[in-house]
Amino acid sequence: MLNLQTIRNIGISAHIDSGKTTLTERILFYTKRIHRIHEVKGKDEVGATMDFMELERERGITIASAATFCEWKGHHVNIIDTPGHVDFTIEVERSLRVLDGAILVLCGVAGVQSQSMTVDRQMRRYKVPRLAFVNKLDRSGANPQRVARELRDRLKLNAVLMQLPIGLEAAFSGIVDLVTMRAVYFEGDFGDQVREDGIPPELEQEALALRQELIDAASMFDDTLLEAALEDRATPEMIRAAVRKGTIALALCPVFVGSAYKNKGVQPLLDGVTYYLPDPTEVTNEAVDLEKNEERFVVRVDDQGRVLALAFKLEEGRFGQLTYVRLYQGTLRRGDTIYNSRTGSEVRVGRLVRMHADEMEDIQQAAAGDIVALFGIDCASGDTFTSDRWKVSMSSIFVPEPVVHLSIKPKDRKAETNLAKALGRFAKEDPTFRTRIDEESSETIISGMGELHLEVYVERMKREYNAEVEVGAPQVAYREAISQRAAFNYTHKKQTGGSGQYGRVAGYIEPLETGDFEFVNDVRMGAIPGEFIPSVEKGFRAMLKKGRLIGFPVTGLRVVLEDGAAHSVDSSDNAFQAAGRGAFREVYHKAKPQILEPIMSLSVEGPGEFQGAFVRTVMQRRGMIVGTTETAGQVRVDADVPLSEMFGYSTVLRSATQGQAEFTMEFSRYAPVPAEISEELIKKYGTSGKSDAD
């Protein structure tokens, strides 16, 4: 059994191409989990340990988060390496949901980039304490002090340098530890021989000044250090204790420096993980009691209590479904029976394993605070498992809505069967990947977070399921919304012999600023019997799936029901549902509906000489420039651009900048489309006022 105080559950997150996977590879090497270092885009064609998927090795990017574990100086460290590309944002979301701490990796040249901001937002959402690691200090233009300033200015983090680099760029040779005031060098072929020495004389004054800044920042969280600092007797132990308190309180961000690729600075970062990031008992986790009206309570991390575990990631393994779980309470043993609080079913734990990328190690038991995997259990991502039929649920994971659709068609009968299997598995594994059959065209539509997201899944269908498919053009996930208030007064009356149907509804609809739909019951004096109010709401809701302009979902609508009438014999649930549908059809066009399109936050980065070229590519796509940043000869342009204009952008950008610029984009918001484009869309989709509920 593991001592809870020695467990660290950490994630490694960053902007794409900041060196996350390279850093993880070095961590595994120095903790003796692997015996040879492989590079992400290495010449040996092996690829990094954590990028075990064939597609990841070909493309040189991380697609799926991968879990591993290692031992460092008596501590058990569970690590999840997450993707940097925003299309795979769900992998970061679900990883951060179950982690106690994280390492935010930043490029020493580019500093805080667009995706660094996204990752920071995700860490804040789940209240994850983090260390920052300024990587790539061997590269031309690297400046860790500038990056620390950007952490303070752009991410509003209380960033404090824990180390000072000895030399930069080609001269980068080691670090000065500002806690112990010793120089640290990394020698040997792989930097595995750590040597300490005195601080180079030319760096002494700078090191003393930075150490004073560190002590000033840390003493805010510990009175003992404050008193010791005033008397000039602060010890490394006192500084570490204070920094730990500040980090766990989310009020301090210790900044480490190095170059993972050049094997420098990784071992002190590992020490930082053990010194400053919390163990499972120091993090507050909440669950809801399903038997007490979803009352929230704080989970006590205890290996003696009832089992409480969250399934946060699913994978199709060689021997059936592999379910990654984080244990929050109790001890889980092989052969135990556990209860799924969502489905109410009981399942037996047949096989319990620890994961190391795509390899696994069988274990007999795991206790609170650990991250392990189960085999052969049928469940969904986000399910909570307990013992003794304990009806509680851990708070769920934030799942962003997909913004791109793609129609796919199997090439033959065999591919049809395999495609169904692939779609079933992928939709279960990835909550941001959706699949449906279009009612009008009978085509299979897949939806996701971006072009790359869907492209990867189409490729996986071919490789993993031998499902050859024909792919249609990507389609944007438009929305419809009303722009003004409009009143309705609609009577549904039908006589077909025997009892008929009757229901009158009156009120108004208006735009709703936040949220998709709100129904307000303002009926006075029982004009509509109480049992029929939900029927009216159901009628309106049925019409939201397909708007009457271009057939896309309606969002941002408030319905206020004020009056109506019922018949003692002819009124029924069906009659009032039909009245709700009819009222929507009658009032929708009066409320001046408009088409909304997804607007993406785009960040383009490249050499300053190409700034004009990539600004032009943005402006040609109805983009609006929101900011420009220039650092070390590199320029970043931030813009808001409609998603509909961004298909095929990577090819255009490459040719405009000789392949030297890169871009990232993520969903920002929905905004009305210009009038001329609205007319084009209405012609193209040609719903001509029809809806699926007609």
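The figures here come from the full heavy-atom set of this structure, side chains too, leaving out hydrogens, waters and symmetry mates. Start at 1 with the first residue, then count along the sequence.
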Going by heavy atoms in the side chains, are [X] and [Y] under 4.5 Å from each other?
X: Ile79; Y: Asn9; value: no
X: Gln611; Y: Thr628; value: yes
X: Ile12; Y: Leu23; value: yes
X: Phe186; Y: Val194; value: yes
X: Phe29; Y: Asn263; value: no
X: Phe433; Y: Pro402; value: no
X: Ser116; Y: Leu106; value: yes
X: Thr235; Y: Met238; value: yes

Looking at [X] and [Y], what are the two nearest heavy atoms and their distance?
X: Tyr185; Y: Pro200; answer: OH-CG, 3.8 Å
X: Asp222; Y: Ala242; answer: CB-CB, 3.6 Å
X: Ser259; Y: Leu137; answer: CB-N, 4.1 Å
X: Ala229; Y: Ile215; answer: CB-CG2, 3.6 Å
X: Ala661; Y: Phe614; answer: CB-CD2, 4.0 Å
X: Thr555; Y: Arg479; answer: CG2-CB, 3.9 Å

**Item:** Identified salt bridge (Lys or Arg N to Asp or Glu O under 4.0 Å) counterpart of Asp120 within the set Arg154, Lys156, Arg130
**Value:** Arg130
Taking [X] for its side chain and [Y] for its backbone only, find out whether a donor-acceptor pair lies under 3.5 Å.
X: Ser18; Y: Ala14; value: no
X: Arg139; Y: Gly108; value: no
X: Glu282; Y: Lys245; value: no
X: Asn158; Y: Ala251; value: yes
X: Glu150; Y: Val112; value: yes
X: Arg152; Y: Ala159; value: yes
X: Arg211; Y: Val179; value: yes

**Item:** Full working for side chain to side chain contact (heavy atoms under 4.5 Å, CB included) between Asn143 and Gln145
**Value:** CA-CA 6 Å; Asn143 184 340; Gln145 298 207 40; 3.8 Å; yes
Pair [X], [Y]: side-chain N/O donor-acceptor within cut-off below 3.5 Å:
X: Arg8; Y: Asn78; value: no
X: Gln122; Y: Glu93; value: yes
X: Ser601; Y: Glu666; value: no
X: Thr617; Y: Tyr649; value: yes
X: Gln212; Y: Asp216; value: yes
X: Glu609; Y: Gln658; value: no
X: His453; Y: Asp430; value: yes

Does the structure place the NZ or CZ of [X] under 6.0 Å from the centre of the six-membered ring of [Y], at an angle of no more than 45° from the ring's axis?
X: Arg33; Y: Phe69; answer: yes
X: Arg326; Y: Tyr328; answer: yes
X: Arg244; Y: Tyr276; answer: no

Do other residues, nucleotides or ligands put more than 12 heavy atoms under 6.0 Å from [X] [atom1]?
X: Met117; atom1: CE; answer: yes
X: Met624; atom1: CE; answer: no
X: Gln205; atom1: CD; answer: no

**Item:** Chi angles and distances behind the side-chain hydrogen bond (donor to acceptor under 3.5 Å, both in side chains) call for Glu605, Gln634
**Value:** CA-CA 7 Å; Glu605 298 182 44; Gln634 293 284 109; 5.7 Å; no
**Message:** Go through it in stages, so that I can follow the logic: the residues are Ile625 and Val637, the test is side chain to side chain contact (heavy atoms under 4.5 Å, CB included), and I'd like the CA-CA distance, side-chain angles, deciding distance and then a yes or no.
**Reply:** CA-CA 7 Å; Ile625 307 291; Val637 172; 3.5 Å; yes
**Prompt:** Listed by chain and number, what are the ring-ring contact (aromatic ring centres under 6.0 Å, His included) partners of Phe221, not counting sequence neighbours?
**Reply:**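 By the ring-ring contact (aromatic ring centres under 6.0 Å, His included) rule, Phe221 matches no residue at all.
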**Message:** If the condition is ring-ring contact (aromatic ring centres under 6.0 Å, His included), which residues does Phe610 pass it with, not counting sequence neighbours?
**Reply:** none
**Prompt:** For Leu131 and Leu269, what are the C-alpha separation, side-chain angles and deciding distance, and is it a side chain to side chain contact (heavy atoms under 4.5 Å, CB included)?
**Reply:** CA-CA 9 Å; Leu131 311 177; Leu269 176 65; 4.2 Å; yes
**Fill in**
Rounded to the nearest 0.5 Å, the OH atom of Tyr324 sits from the OG atom of Ser95 at a distance of 10.0 Å
For residues 163-171, please give each side-chain donor-acceptor pair under 3.5 Å, one per line with the distance, not counting sequence neighbours.
residue, atom, partner, partner atom, Å
Gln163, OE1, Val257, N, 2.9
Glu169, OE2, Gly141, N, 2.7

**Request:** Go through the steps for Lys127 and Glu286 under the test salt bridge (Lys or Arg N to Asp or Glu O under 4.0 Å), then give the verdict.
**Result:** CA-CA 12 Å; Lys127 297 183 173 65; Glu286 287 190 338; over 6 Å; no
**Request:** Might you work through the side chain to side chain contact (heavy atoms under 4.5 Å, CB included) test for Val652 and Arg621, ending with a clear yes or no?
**Result:** CA-CA 11 Å; Val652 172; Arg621 284 164 169 70; 3.4 Å; yes
**Item:** Asp138 with Lys136: basic N within carboxylate O range, under 4.0 Å
**Value:** no
**Item:** Arg195 vs Asp197, salt bridge (Lys or Arg N to Asp or Glu O under 4.0 Å): CA-CA, chis, key distance, verdict
**Value:** CA-CA 7 Å; Arg195 176 175 66 85; Asp197 207 338; 3.0 Å; yes
